[in-house]
Amino acid sequence: MRWPGGPVATALRVVEVTEPDTWVDLTAEPLPLAEVVAWATVPGCGGLAVFVGTVRDHAEGRPGVVALEYEAYEPAAQQVLSQIAGEARRRWPEIGRVALLHRTGRLAVGEASVVVAVSTPHRAEAFAAARWCIDTLKESVPIWKREAWSNGQAWSPDAHPLREVGSGGGGR
Amino acid sequence: MRWPGGPVATALRVVEVTEPDTWVDLTAEPLPLAEVVAWATVPGCGGLAVFVGTVRDHAEGRPGVVALEYEAYEPAAQQVLSQIAGEARRRWPEIGRVALLHRTGRLAVGEASVVVAVSTPHRAEAFAAARWCIDTLKESVPIWKREAWSNGQAWSPDAHPLREVGSGGGGR
Amino acid sequence: MVVFLGPAREAAGTGRSVVPGTSVGEVVASVRARFGPGMDDLLAVSRVWLNGAPADPDAPVGPDDEVAILPPVSGG
Amino acid sequence: MVVFLGPAREAAGTGRSVVPGTSVGEVVASVRARFGPGMDDLLAVSRVWLNGAPADPDAPVGPDDEVAILPPVSGG
């Protein structure tokens with residue numbers, strides 16, 4: 001899906017040019033956790049908080065989860081990841097680097113579905129910003145999870161009505 | 001330093017045998033961040049929170065920090081890391097894996113001095129436990145930091161009187 | 001062009017469809033009319049975006065525009 | 001045997017020393033007597049451990065035991 005010259009293309013181009021310290025991505029490949037951790041480490045920032053979401057072997061009422069499938073509304077989902085990174089910087093200007101990566105497609109139990117990494121000079125801000133980013137990501141990014149468990153498959157019931165980034169709630 | 005048959009040796013042996021899901025270490029080698037992240041990911045736990053402390057290029061009143069040197073009271077420091085992991089499990093029984101690794105010796109700017117990783121079924125507990133672990137580590141582990149900056153070197157003034165693990169404060 | 005995502009794709013039985021309408025509101029009304037009561041329930045909790053961003057019901061829709069039906073999300 | 005760590009090692013001018021005393025409190029008093037006022041200030045904010053764990057001043061100290069002077073810590 002593309003909107004030539006539309007708002008999404010413009011926003012993405014701006015992000016890429018002006019934010020070398022921001023890394024957002026939607027990818028069907030395994031998330032590069034080690035690279036994210038290394039990339040987010042910068043000399044001015046003594047604290048790096050990372051959150052990794054991984055596919056659990058169970059969900060509410062669904063024992064024996066064997067796989068998940070994530071479907072994203074691209075490229076809008078990628079644009080929302082950029083918005084979250086931008087809003088995090090507005091709330092915590094001390095952020096050095098921020099990474100928000102989400103996996104798409106089919107994932108096995110134990111694979112990482114999402115990684116958030118935030119580096120700041122001091123640890124309190126890194127924890128708070130990383131927590132805000134993952135909470136906001138779960139409410140604001142157009143991504144849907146389909147679960148396949150021991151005797152069925154269906155969309156995840158653990159869903160949130162889509163909210164706009166920065167429309168209240170959490171953090172600073 | 002060794003105390004043959006003393007409390008430290010006994011405690012360490014117990015930890016190694018009974019806690020395969022706990023990884024604590026003091027090491028003069030670069031911290032294996034990627035391995036820690038991979039190790040802490042387990043099928044039952046959907047949330048992994050990681051904190052990495054890195055050597056900053058500045059400290060209060062000390063511009064141009066070029067290196068740090070960490071000195072630990074071994075093996076007591078390692079035993080306290082084990083105590084912190086144990087107390088974290090007591091406070092958050094849902095913890096799957098917990099890692100607490102601290103570097104010793106001379107570190108350059110940007111190198112990781114400490115890593116904490118905690119996996120739990122849900123993200124709130126992972127964040128809370130990781131935060132408690134790093135806060136407690138900074139107050140309870142017998143380690144001292146010496147800073148070398150642009151025109152001097154001295155022990156870090158950012159020091160806390162040593163506290164026993166679990167003697168109040170923070171978390172649950 | 002209307003795009004149905006996640007559970008909305010399942011309710012519609014298709015990922016995309018062309019329905020009548022010259023505004024976001026008219027397009028949504030067409031979707032409601034064409035698809036069954038399952039879609040009705042889903043629309044009640046879904047967001048509607050135009051070209052990748054939230055849009056008002058009276059925002060104009062031309063042939064090159066994309067209206068998206070976004071049910072409650074479950075990323076992370 | 002007394003072990004001086006971090007800033008205490010610097011204040012003592014040595015990492016370890018043998019001083020008289022048959023209890024933790026006596027050993028600390030000997031340390032206080034032998035080293036200068038810099039050590040006095042440091043002892044005021046330090047913890048004293050015996051064989052790797054916190055100990056009371058009246059805990060007995062034999063020739064194979066290790067008393068450690070632990071100034072405020074700065075790990076992390």
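In the text below, chain A, chain B and the rest are named by the order of the sequence lines, each starting its count at 1. The structure displayed is predicted, hence computed values, not measured ones.
Using a 4.5 Å cut-off between heavy atoms, D/Pro7 touches chain B through backbone and side chain atoms alike. Neither the backbone nor the side chain of B/Val115 comes within contact range of chain D; no heavy atoms are under 4.5 Å apart. When heavy atoms are compared at a cutoff of 4.5 Å, B/Arg103 does not approach chain D at all.
Here B/Glu139 contributes atom CD and D/Ser74 contributes atom OG; the two are 13.0 Å apart, rounded to the nearest 0.5 Å. One distance of note links CG of D/Leu5 with CH2 of B/Trp144; it measures 3.5 Å at 0.5 Å rounding.
Contact detail for B/Tyr70 and D/Gly76: the closest heavy-atom pair is OH-O, 2.8 Å. Across all their heavy atoms, B/Tyr73 and D/Gly52 have their closest contact at OH-N, 4.2 Å.
Here D/Glu26 pairs with nothing under the salt bridge (charged side-chain N to carboxylate O under 4.0 Å, His left out) rule; sequence neighbours left out. For B/Arg97, the salt bridge (charged side-chain N to carboxylate O under 4.0 Å, His left out) criterion is met by B/Asp21, not counting sequence neighbours.
Remark: B/Arg106 CZ is loosely packed, at most 12 non-hydrogen atoms of other residues, nucleotides or ligands lying under 6.0 Å away.
The residues B/Glu164 and D/Arg47 are annotated as not salt-bridged, no charged nitrogen and carboxylate oxygen being separated by less than 4.0 angstrom.
Listed options D/Ala68, D/Pro54, D/Pro71 were ranked by heavy-atom pairs under 4.5 angstrom with chain B; first place goes to D/Pro71.
Below 4.5 Å, heavy atoms of chain D meet heavy atoms from B/Trp155, B/Ser156, B/Asp158, B/Ala159, B/His160, B/Pro161, B/Leu162, all part of residues 148-162 of chain B. For residues 43-51 of chain B, a heavy-atom distance under 4.5 Å to chain D picks out no residue at all.
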